[in-house]
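Computation of the quantities below employed the complete heavy-atom set of this structure, encompassing side-chain atoms and omitting hydrogens, waters and symmetry-equivalent molecules. Fair warning: this is a prediction, and the values are worked out from it, not measured in the lab.
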There are 2 protein chains.
Amino acid sequence: MHIGEAAARSGVAAKTIRYYESVGLLAKANRTPNGYRDYSDADVDTLRFVSRARSLGFSVHQVGELLDLYRDRKRCSSDVKAIAVARIADLDRKVAEMQAMRTTLHQLADCCSGDDRPDCPILVDLAQPDSQSLVAASISARSR
Amino acid sequence: MHIGEAAARSGVAAKTIRYYESVGLLAKANRTPNGYRDYSDADVDTLRFVSRARSLGFSVHQVGELLDLYRDRKRCSSDVKAIAVARIADLDRKVAEMQAMRTTLHQLADCCSGDDRPDCPILVDLAQPDSQSLVAASISARSR
DNA sequence: ATAGGCGTTCCACTCGATGGAAGGTCAAGG
DNA sequence: CCTTGACCTTCCATCGAGTGGAACGCCTAT
């Protein structure tokens, strides 16, 4: 099948499929005599695998590792689990960081009347010297 | 003061200060006769403001808006609060998305023995047709 | 005079695509 | 036979937010 159909079946945009090939995530596709890329059902499966793994937030590089493991009949499940566990830890770190931002921002927003007067504690805090600033305090708390 | 000192005092890398100037977030710096950028204490304050806002996850563009509001004596606090509230909503969306990924990944990892046998439910699920896949189910749940 | 530590500009690279230009291929319809 | 439109191809540029490095200038101390 041509790239458009593979794209429709896998849910990966044709442009993205070419991109994955160009960066070596996918092997170079077979070509029909006219130079069009030619995909098999197995290729569509691979594309779906890639799309699923990307949707779990694995980087293209990590997806490459998972694909290698998937194709390696002799790999051990601990290798795969290690990648998944590292990704979970990564997610936990990012979630914690974003929640810290959220908390700080929420505190600032709570102090802000949000009316048409010009006094705004959010801006005041951002402009504060470190010792007075809620934001500065939350940044230094993050690094402790 | 020269850019190195402004960088040290504000915590923003010299390279990044030049970058901010190049994209118009900061006004073009004054120059000493030899062509070096010359910064005042007020410039360092601005740099710190920018750094704080960036650490809260505001984009460079949003920081520009906040700076404009900061400099506008007549702005109303509701304008600032609107930006902050939008940012909080943005954070909430991203946190929820990451937690959904985490949950799915954790379920997969829990099923995986993590030993040296080759059977790995993580890879099996990623390669599954939609109707059987935990990942596919969680993706479609996200869009509902 | 030269070594070093600053500063300057400019260009390339990162990641994960995406947009668009310019052109080739193919089937259907007039 | 010609055109139209839907595909396909390659290549280059763009996004955000910087970072790395080259090649050069300036200034001070030894």
Distance criterion of 3.5 Å, no angle test: do you see the side chain of A:Lys15 paired donor-to-acceptor with the base of C:dG16? no

Can B:Thr46 and B:Asp43 be counted as having a side-chain donor-acceptor contact under 3.5 angstrom? no

Whole-Å gap separating P (C:dA17) and NE2 (A:His61): 15 Å

Nearest of D:dT19, D:dC8, D:dA17 to any side-chain atom of B:Ala13? D:dT19

Does the side chain of B:Asp115 come under 3.5 Å of the side chain of A:Ser78 through a donor N or O and an acceptor N or O? no

Using a cut-off of strictly less than 4.0 Å, decide whether B:Arg54 has a side-chain nitrogen or oxygen near OP1 or OP2 of D:dG18. yes

Any side-chain N or O of B:Ser59 below 4.0 angstrom from OP1/OP2 of D:dG16? no

Counting only side-chain N and O atoms of A:Thr16, is one of them less than 4.0 Å from OP1 or OP2 of C:dG16? no

For D:dC11, take OP1 and OP2 only and decide whether either is under 4.0 Å from a side-chain N or O of A:Arg18. no

Considering only heavy atoms, which members of residues 33-50 of chain A lie under 4.0 Å from some atom of DNA chain C? A:Asn34, A:Tyr36

Starting from C1' on C:dT8, measure out to NE2 on B:His2 and report it in whole angstrom. 12 Å

Using the six-membered ring wherever Trp is involved, compare the ring planes of B:Tyr70 and B:Phe49 and label them parallel, tilted or perpendicular (cut-offs 30° and 60°). tilted

For B:Glu5 and C:dG7, give me the distance from atom CD to atom C1', rounded to whole Å. 14 Å

Please determine whether a side-chain nitrogen or oxygen atom of A:Tyr19 lies at a distance below 4.0 Å from atom OP1 or OP2 of C:dC15. no

If only side-chain N and O atoms of B:Arg31 are considered, is one of them under 4.0 Å from the OP1 or OP2 phosphate oxygen of D:dC26? no

Whole Å only: how far is the CD atom of A:Glu21 from the P atom of C:dA17? 15 Å

Go through the structure and list residues passing side-chain hydrogen bond (donor to acceptor under 3.5 Å, both in side chains) with B:Asn34, not counting sequence neighbours. B:Thr32

Quickly work out the B:Ile17 CD1 to C:dT8 C1' distance and round it to whole Å. 14 Å

Atom NZ of A:Lys28 and atom C1' of D:dT9: how far apart are they, to the nearest Å? 15 Å

Side chains of A:His2 and A:Arg37 in contact at under 4.5 Å (non-hydrogen atoms): no

Using a distance-only test with no angle check, is there a side-chain donor-acceptor pair under 3.5 angstrom linking A:Ser77 and B:Asp119? no

Does a salt bridge link B:Asp41 with B:Arg9, judged by any charged N lying under 4.0 Å from a carboxylate O? yes

